[in-house]
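Counting begins at 1 with the first residue of the sequence. No hydrogens, no waters, no symmetry mates; every other heavy atom, side chains included, goes into these values.
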Amino acid sequence: MAAKRVKMPHGGDESIEPGAVFVIRDATDVERDEAPNSLTCIWGGGFRVYPAEPLVDLIEKFSALKLARLTSPGGMAMFISAERVTDRDDRSTVQDHSNTRSVLLFGPGPGSPRVRVRETRADLIAIWEGLKLNTDPIV
């Protein structure tokens, strides 16, 4: 897949390889306080960028990815590059928010990037099946 150009605040742009993307979501209030012209956040292996493009535009731009619409523990919609998920764990009762049902990992080992979501294992299996993806990483 060819790199995609995303518009950044103040007129610049950033080139992003679709295969490196883990999550696309709206920017949080804290992120907008720090960068008021940022509308969204894209993060992947070793990077986070805060484009000045609406979420719907980014979803269209990265439509070649198999994006799963999931929910953060706080209720925010997130679009996860489902093909990049390598494992799923149950929430940690010590560390995780009570609304967390699953922790998705993007790589091996304890230092791998991860994202917490409200969806249960059964929810994720149904979503992965709907995307016609192998469910092995999440079972």
Determine all donor-acceptor pairs shorter than 3.5 Å in which one atom belongs to a side chain in residues 132-139; sequence neighbours excluded.
{"residue": "Asn134", "atom": "OD1", "partner": "Asp136", "partner atom": "N", "Å": "2.8"}
{"residue": "Asn134", "atom": "ND2", "partner": "Asp136", "partner atom": "OD2", "Å": "3.4"}

For Lys4 and Pro18, the nearest pair of non-hydrogen atoms, with its separation, is CG-CG, 3.9 Å

Residue pairs passing the ring-ring contact (aromatic ring centres under 6.0 Å, His included) test with at least one member in residues 118-139, sequence neighbours excluded, are none

Where is the tightest heavy-atom contact between Ala27 and Ser38, given as atom of each residue plus distance?
CB-O, 4.2 Å

Once side chain to side chain donor-acceptor pair (under 3.5 Å) is applied, do any residues pair with Ser112, and if so which ones, sequence neighbours excluded?
Arg114

I'd like to know if Leu67 and Met1 are part of one continuous hydrophobic network [Ile/Leu/Val/Met/Phe/Trp/Tyr, side-chain heavy atoms within less than 4.5 Å].
yes

Who are the side chain to side chain donor-acceptor pair (under 3.5 Å) partners of Thr86, not counting sequence neighbours?
none

Please find the pair of heavy atoms, one from Ala77 and one from Arg25, that lie closest to each other, and give the distance.
O-CB, 3.8 Å

Is a side-chain N or O of Arg118 found less than 3.5 angstrom from the main chain of Thr100, in a donor-acceptor match?
no

ILVMFWY cluster, Val115 and Ile125 together (side-chain gap under 4.5 Å)
yes

Would you list the atom pairs, donor with acceptor, under 3.5 Å between side chains in residues 40-54 and any protein atom, with sequence neighbours excluded?
{"residue": "Thr40", "atom": "OG1", "partner": "Glu53", "partner atom": "O", "Å": "3.0"}
{"residue": "Tyr50", "atom": "OH", "partner": "Glu31", "partner atom": "OE2", "Å": "3.4"}
{"residue": "Glu53", "atom": "OE1", "partner": "Lys61", "partner atom": "NZ", "Å": "3.1"}
{"residue": "Glu53", "atom": "OE2", "partner": "Lys7", "partner atom": "N", "Å": "2.5"}
{"residue": "Glu53", "atom": "OE2", "partner": "Lys61", "partner atom": "NZ", "Å": "3.0"}

Calculate, to the nearest 0.5 Å, the distance between atoms CG and CZ belonging to Leu105 and Phe22 respectively.
10.5 Å

Not counting sequence neighbours, list each pair that qualifies as a salt bridge (charged side-chain N to carboxylate O under 4.0 Å, His left out) and has a residue in residues 63-88.
Arg88-Asp90

State whether the side chain of Glu119 and the backbone N or O of Arg101 hold a donor-acceptor pair below 3.5 Å, judged by distance alone.
no

Quick one: side chain to side chain contact (heavy atoms under 4.5 Å, CB included) partners of Thr93, sequence neighbours excluded?
Arg91

Rounded to the nearest 0.5 Å, what separation is found between the CG atom of Leu124 and the CG atom of Leu70?
6.0 Å

Side-chain touch Val85/Phe106, heavy atoms, less than 4.5 angstrom
yes

I'd like to check Asp26 versus Arg32 (side-chain heavy atoms, cut-off strictly below 4.5 Å). Are they in contact?
yes

Test side chain to side chain donor-acceptor pair (under 3.5 Å) applied to Asp96 - qualifying residues, sequence neighbours left out
Arg116

Going by side chain to side chain donor-acceptor pair (under 3.5 Å), name the residues that satisfy it together with Thr120, two or more places apart in sequence or in a different chain.
Asp123

With rounding to the nearest 0.5 Å, note down the distance linking CD1 in Ile16 to CG in Leu58.
8.0 Å

Say whether, by atom type as modelled, one donor and one acceptor occur between the side chain of Arg5 and the main chain of Glu14 under 3.5 angstrom.
no

Which atoms form the tightest heavy-atom contact between Ala3 and Glu17, and what is the distance?
CB-OE2, 3.4 Å

Name all residues meeting the side chain to side chain contact (heavy atoms under 4.5 Å, CB included) criterion together with Val30; count only those two or more places apart in sequence or in a different chain, and write none if there are none.
Thr28, Glu34

Are more than 12 heavy atoms from other residues, nucleotides or ligands located less than 6.0 Å from atom CG of Asp29?
no

Say you draw a straight line from CD1 of Ile59 to CG of Leu65; how long is it, rounded to the nearest 0.5 Å?
9.0 Å

Distance from Leu104 atom CG to Ser81 atom OG, nearest 0.5 Å?
11.5 Å

All pairs passing ring-ring contact (aromatic ring centres under 6.0 Å, His included) where residues 72-105 contributes a residue, at least two apart
none

